[in-house]
Protein chains: 2
Amino acid sequence: MPRDGTATRNRILDSAERLVLERGFGATSVDAVIAASKSSKGAFFHHFASKDDLGRALVARYAASDIEHLERYMAAAEAESEDPARQVVAFVRLFEEDADDIVAAQPSCLYVSFVNERQLDPEGTAEPIVEAIVAWRVRLLEKMRAAAERSPVPEGLDLEALADHVFVTFEGAFILARSLQDGAQMRRQLRLVRMLLEQTFGVGPGA
Amino acid sequence: MPRDGTATRNRILDSAERLVLERGFGATSVDAVIAASKSSKGAFFHHFASKDDLGRALVARYAASDIEHLERYMAAAEAESEDPARQVVAFVRLFEEDADDIVAAQPSCLYVSFVNERQLDPEGTAEPIVEAIVAWRVRLLEKMRAAAERSPVPEGLDLEALADHVFVTFEGAFILARSLQDGAQMRRQLRLVRMLLEQTFGVGPGA
DNA sequence: CACGAAGCAGACCATGTGGTCTGTTTGGTA
DNA sequence: TACCAAACAGACCACATGGTCTGCTTCGTG
């Protein structure tokens with residue numbers, strides 16, 4: 001294996017991700033990506049078969065990082081307490097504490113760009129996104145089910161919907177924050193959901 | 001005033017809205033809009049100065065319709081009960097009941113397309129969106145404040161965030177539903193939020 | 001009924017776009 | 001050191017796209 005081209009490939013992916021998060025995938029030209037990553041047409045199409053191929057790679061990488069993030073924070077939450085209810089709350093609190101940094105680092109969520117502009121084949125791009133969503137759902141749902149067994153929850157509460165609601169809040173808060181151009185909205189929404197979860201599972205703010 | 005061109009203009013707006021909701025604004029070409037609306041280049045640029053101008057008109061119309069929707073359902077909710085807490089719950093329930101129709105009629109929210117692909121001048125497009133968001137916030141916040149005065153809510157609850165959370169859930173649920181290609185997710189998320197609100201403001205499901 | 005402007009049709013244009021091709025450099029390997 | 005494939009650089013191309021222009025049709029009005 002001659003020279004390692006992974007560095008260039010990652011530079012392209014990084015630049016593309018920044019641009020897509022700001023302007024959307026359709027509005028991001030490959031020329032713009034090339035300019036931002038200080039590479040060339042030759043380099044780009046050496047590493048990616050097409051623009052759509054870049055899109056697939058972007059989503060795959062983003063989703064993988066997302067799942068990794070989920071597992072890391074879930075592990076940290078599990079280290080805080082044995083009680084599944086407190087674990088769920090701690091999990092959301094960890095994201096809440098990082099909310100400002102998250103929004104500052106990325107003004108939007110990559111999923112939105114690709115889910116909304118479905119000019120890519122659904123098979124190739126939707127897959128990693130669904131995988132990530134399901135990962136969040138499964139991980140949170142097992143905690144919530146365990147928590148619901150220990151302390152009673154409201155009659156007819158849809159735990160699966162509640163598990164998904166964390167993802168829903170993330171996506172919605174991104175849009176709210178971006179619309180109002182106020183990054184603090186993410187933190188506020190996450191704090192709210194954390195409190196609703198504390199209330200639902202009967203977990204007080206105390207240690 | 002010669003012949004009335006409003007009909008053509010509306011046909012263009014309707015077709016454009018459908019296309020943008022499905023493929024995003026950037027991925028929607030004016031040629032596609034012209035074809036879908038069975039009009040012509042001449043007609044298009046007679047009614048709209050540019051593609052961006054169409055975008056502004058689309059957002060303005062959508063936001064106005066959104067606010068109208070808000071007021072209509074809020075009035076219906078107010079007709080159901082005198083209790084502000086029950087009014088809030090009823091308001092969400094009305095959207096919950098229409099959830100399947102809403103998702104079927106529009107696979108996404110127009111706001112997302114324009115907030116995410118900010119290739120339009122922020123001044124022209126962001127304005128109506130912010131206006132609509134604030135309208136929802138103000139309308140729900142007054143109800144929630146009144147409800148919070150009657151029955152105690154959890155300490156430190158951010159009522160403004162809770163008011164915005166309805167909008168956040170809408171936007172997030174659109175993305176969830178579209179990602180999973182399951183329109184039922186909207187209804188489930190709205191039902192969940194309704195139950196969380198019932199719980200928060202101490203309103204039982206009974207009449 | 002003339003006429004003028006709004007409404008509309010469609011050929012046409014300039015440019016930006018995704019993608020190709022040829023050529024050059026680089027670095028591991030026999 | 002000769003060699004070769006990977007890694008790039010950048011000119012080039014075909015085409016889609018946003019936008020213009022000319023001209024025709026329709027209708028309210030003097």
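These numbers were taken from a predicted model, which means no experiment stands behind them. These numbers come from the heavy atoms of this one structure, side chains and all, not from hydrogens, waters or symmetry mates. Naming: A, B, ... by sequence-line order, numbering from 1 per chain.
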Rounded off to whole Å, could you give me the [atom1]-to-[atom2] distance for the [X] and [N] pair?
| X | N | atom1 | atom2 | answer |
| --- | --- | --- | --- | --- |
| I34(B) | dG19(D) | CD1 | C1' | 10 Å |
| D53(B) | dG19(D) | CG | C1' | 13 Å |
| H47(B) | dG19(D) | NE2 | P | 17 Å |
| R9(A) | dC8(D) | CZ | P | 12 Å |
| R11(B) | dG7(C) | CZ | P | 14 Å |

Checklist entry - Excluding sequence neighbours, so at least two apart, what forms salt bridge (charged side-chain N to carboxylate O under 4.0 Å, His left out) with R145(A)? => result none
Next on the checklist: Cation-pi check for F25(B) against K51(B): NZ or CZ below 6.0 Å from the six-membered ring centre and within 45 degrees of the axis, yes or no?
Outcome noted: yes
Next on the checklist: If we ignore hydrogens and angles and just use 3.5 Å, is the side chain of E117(B) paired with the main-chain N or O of G26(B) as donor and acceptor?
Outcome noted: yes
Checklist entry - Of the non-hydrogen atoms in G183(B) and A177(B), which two are nearest, and what is the gap between them? => result CA-CB, 4.3 Å
Checklist entry - Sequence neighbours excluded, which residues qualify as side chain to side chain contact (heavy atoms under 4.5 Å, CB included) partners of D83(A)? => result S81(A), A85(A), R86(A), R150(A)
Next on the checklist: Measuring centre to centre across the rings, with the benzene-like ring taken for any Trp, is W136(A) within less than 6.0 Å of Y73(A)?
Outcome noted: no
Next on the checklist: Side-chain N or O of H46(A) versus OP1/OP2 of dA7(D): is the shortest distance under 4.0 Å?
Outcome noted: yes
Checklist entry - Does S39(A) make a side-chain N or O approach to OP1 or OP2 of dC8(D) shorter than 4.0 Å? => result no
Scan nucleotides 17-19 of chain C against the protein and return all N/O pairs shorter than 3.5 Å with their distances rounded to 0.1 Å.
{"residue": "dG18(C)", "atom": "OP1", "partner": "K51(A)", "partner atom": "NZ", "Å": "3.1"}
{"residue": "dG18(C)", "atom": "OP2", "partner": "V30(A)", "partner atom": "N", "Å": "2.8"}
{"residue": "dG19(C)", "atom": "OP2", "partner": "K51(A)", "partner atom": "N", "Å": "2.7"}
{"residue": "dG19(C)", "atom": "N7", "partner": "K41(A)", "partner atom": "NZ", "Å": "3.4"}
{"residue": "dG19(C)", "atom": "O6", "partner": "K41(A)", "partner atom": "NZ", "Å": "2.6"}

